[in-house]
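In what follows, a structure is listed as structure tokens, so that the remarks can point back to it.
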Amino acid sequence: MKREDLDALLKDMSIEEKIMQLVQIPGWSFEKDAAVTGIAENEATDKAKRLAGSILGVNGADKVKAIQEEYVKNHPHHIPMLFMLDVIHGHDTVFPCPLAQGATFDPEISRKGAAIQAKEAAADGIQVTFSPMVDLVRDARWGRVMESTGEDPYLNGEMAAAMVKGYQGDSISDKEHVAACVKHFAAYGAAEAGRDYNNCELSEYALRDQYLKGYNKAIDAGARLVMTSFNTLNGVPSSGNKWLMRDVLRKEMGFDGVLISDWGAIGEMVPWGFAEDLKEAAELAIKAGVDIDMCTESYAANLEELINSGEIKEELLDEAVMRILNLKNDLGLFEDPYHGACDERHKEIALSEESRNVARDAVRKSLVLLENREETLPLKDKKIAIIGPYAVEKKLHSSWALSLDPEKNVTLMEAAGEADKVSLYLGMNKAISADDKQNTIVRVAKGSTVLDNDTVIGNGEYHDDDFEETNERLYAEAMEVANWADTVVLCLGEDLGQSGESTSRADIMLPDIQMELFYGIRKNAKKLVTLIFTGRPLDLEHIPELSDALMICWRPGTEGGHGIWDVLSGIHSPQGKLPMSFPWVVGQAPIHYNAFNTGRPKPEEGPGDFTTRYLDCPNEARYPFGYGLTYSEFEISDIVLDKTSLKKEVPGSKKDKITASVKVKNSGLVPATQTMQLYLRDISASRVRPQMELKGFKKVRLFPGEEAEVAFEINEEMLRFWTIDNVYDSEKGKFKVFIGVDSATENEADFVLE
Ligand code: NOJ
């Protein structure tokens with residue numbers, strides 16, 4: 001439809017019709033006898049089903065088509081409804097959770113994954129996904145860290161932009177793509193004490209310098225929607241924050257797409273104590289520029305009265321409706337209201353071999369090897385035990401993989417069983433058959449339940465009447481298997497219900513039952529490889545020093561088992577890097593590498609009295625941001641700068657730049673990929689600057705003995721920050737550049753900006 005046609009359409013719509021474009025209803029509205037949340041009266045329920053502009057949480061091409069057909073037929077202007085869903089890290093094929101994708105430091109793999117998710121979801125009836133989540137996360141107590149790509153603004157921005165490109169492709173009118181929704185705007189990741197839905201108390205400096213950067217890149221990449229966050233920012237709920245939404249998001253960042261509230265967030269301004277009732281909440285939200293009210297009755301019940309009484313102008317409504325109509329138009333819904341949804345096609349493409357291969361590659365790249373003493377990994381022995389609840393656990397996805405079939409997930413046990421020259425035995429019951437004698441023998445034992453009895457998790461409470469008995473039996477079997485093996489691979493982790501929305505934890509350790517298993521196995525195992533399946537950084541207690549090798553596997557998704565086996569067996573070297581610092585103890589949270597130095601930094605040697613320190617634990621993370629081992633060794637040369645000063649103002653069009661390079665040599669015995677990281681530090685500035693900030697990364701794959709030069713460009717733009725004059729600018733003076741394999745690197749050089 002042309003712009004003039006859209007204008008004409010808008011003109012012709014009644015106030016009620018226009019208001020209802022701004023209303024989103026939940027998927028169950030079309031289940032038989034369902035009441036529509038947020039639309040109180042029965043009469044209104046009917047109205048919502050006839051007129052609401054969008055719906056979330058329905059998928060299935062035939063189902064979507066049936067709802068859409070009826071809806072368009074009955075709608076006074078035959079305007080199609082928008083179908084939205086949380087396709088966060090997979091629709092049918094589930095990729096590693098976003099935090100794990102952050103660990104790949106590989107935006108291209110996320111782009112590919114997002115494109116596959118879009119294709120599967122679109123065929124299944126979805127037109128908009130509520131992803132990427134770009135919240136900067138520093139507090140492992142917050143369960144939603146799993147949905148973000150981590151603690152660094154630069155990494156977040158690169159990953160988010162790639163996801164947006166993957167979801168949206170070149171054009172959202174393409175039936176294999178969906179519109180992306182950046183969330184949760186803004187600063188939801190800074191929720192106080194890691195408690196979900198909480199206040200975020202942030203200076204404008206921290207907000208602009210750290211928290212907004214990731215969202216900005218996603219918006220620059222063309223994301224068509226933004227979602228408001230649940231939190232308050234310095235006392236103002238996002239859905240009513242006019243300054244944040246109109247001045248910062250729309251004017252400064254140039255966002256002209258659809259702004260949707262999070263679920264119920266407009267109504268939540270009442271319990272927050274920011275609005276007296278839903279009417280006031282509606283007024284605040286529309287004035288702030290929120291176009292769609294996700295699942296409350298605020299807009300549906302109050303906007304008309306607010307317009308009639310002159311409290312809000314009809315232009316505000318029209319502006320919001322036009323943004324929604326534009327999105328529908330760009331998706332091509334006026335021509336094809338189903339956006340290509342088709343059950344046959346969906347069945348054909350879902351979980352294709354090609355998609356599974358991309359997911360498997362993403363898993364391999366996301367695994368972070370934290371310890372590998374005496375080259376325990378890759379596995380070399382002929383008698384391997386795979387023990388622990390995650391040896392056999394099918395739930396390898398997260399609470400945000402909504403439409404997958406967990407039976408399609410591949411466990412580590414299954415992957416080992418499929419491998420060449422490997423024979424699999426359950427427990428110790430069977431003797432090894434003569435045919436298998438030449439093979440690697442893998443024996444499997446579950447060892448324990450995932451959770452302790454009566455643990456509260458995101459989706460309820462875990463309870464097992466036979467808890468003691470089951471675990472006694474599992475434990476005894478696991479010890480026998482461990483005794484038999486030359487190497488034990490112990491698979492431990494958080495439950496699926498322990499990370500995601502509303503899963504804040506005051507303690508971030510593994511369940512006691514698994515730690516008991518760990519200590520038992522440690523006593524019995526000759527060599528111990530511990531794998532941790534998790535949605536957040538954990539307090540690993542004594543696992544690191546008592547394991548011969550330790551690897552973080554996150555929530556790896558459909559191809560988890562395959563990808564992990566590829567790395568354990570040495571077909572691939574691990575290459576993942578931590579996207580979030582792993583603390584020693586929960587008391588260090590929030591912890592992040594890009595902190596300030598303070599005026600009293602703790603000296604590296606000697607007593608730390610009256611300096612910034614903990615009495616009972618180091619300042620640094622146990623494993624820092626960017627950290628992760630490979631199966632090889634790398635030698636990194638000193639940094640070479642082609643010059644040591646950069647000009648701030650350069651006449652002519654060419655911007656001045658410094659090239660900073662290092663030589664990277666694979667001095668080990670196997671081919672491996674290393675992720676080289678560029679960090680900068682502003683030595684003195686009008687506001688205190690972080691000790692270091694990631695500004696670039698490059699992967700380099702080298703064969704043993706091979707050497708390559710890795711060069712980064714440093715330009716003035718990379719030195720800009722939110723200055724004391726409240727502008728993004730650089731300031732002349734001294735800088736440091738660091739190039740290394742993680743954020744703990746001391747490989748540094750100096751330059752000046754003049
Ligand atoms: C609430 C969550 O905060 C948000 O991330 C999600 O997209 C919406 N619900 C819709 O499911």
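Model, not experiment: these values are computed from the prediction. One-based numbering, in listed order, for ligands and for the atoms of each.
Close approach to F230 involves these atoms of ligand 1, each under 4.0 Å from a residue heavy atom: 1 (C), 3 (O). Each of the atoms 10 (C), 11 (O) of ligand 1 lies under 4.0 Å from some heavy atom of L56. Those atoms of ligand 1 that come under 4.0 Å of a heavy atom in K183, given as number and element, are 4 (C), 5 (O), 6 (C), 7 (O).
Ranking protein heavy atoms by distance to atom 1 (C) of ligand 1, first place goes to D262 OD1, 2.9 Å. When hydrogens are left out, the protein atom nearest atom 6 (C) of ligand 1 is D86 OD1, 3.2 Å; that is the closest non-hydrogen contact. Of the protein's heavy atoms, H184 NE2, 2.6 Å lies nearest to atom 5 (O) of ligand 1.
Counting heavy atoms under 4.0 Å from ligand 1, residue M133 does not touch it at all. At a heavy-atom cutoff of 4.0 Å, ligand 1 is contacted by the side chain of R144 but not by its backbone.
One finds a salt bridge joining R208 and E252 here, because a Lys/Arg side-chain nitrogen approaches an Asp/Glu carboxylate oxygen to under 4.0 Å. In this structure, E559 pairs ionically with R356, as a charged nitrogen and a carboxylate oxygen lie closer than 4.0 Å.
Heavy atoms of M227 approach ligand 1 to within less than 4.0 angstrom.
Considering backbone and side-chain N/O of E147, none are found under 3.5 Å from N/O of ligand 1.
Remark: P153 engages L136, Q210, K213, N594 in a side chain to side chain contact (heavy atoms under 4.5 Å, CB included) (not counting sequence neighbours).
Here the side chain of Y167 pairs no donor or acceptor atom with the backbone of C181 at under 3.5 angstrom.
Listed by first then second residue, pairs satisfying side chain to side chain donor-acceptor pair (under 3.5 Å) with a partner in residues 112-123 read T93-E120, not counting sequence neighbours.
Atom CG of D277 has more than 12 neighbouring heavy atoms from other residues, nucleotides or ligands inside a 6.0 Å radius.
Annotation: side chain of R536 is not in contact with side chain of M146 (no heavy-atom distance under 4.5 Å).
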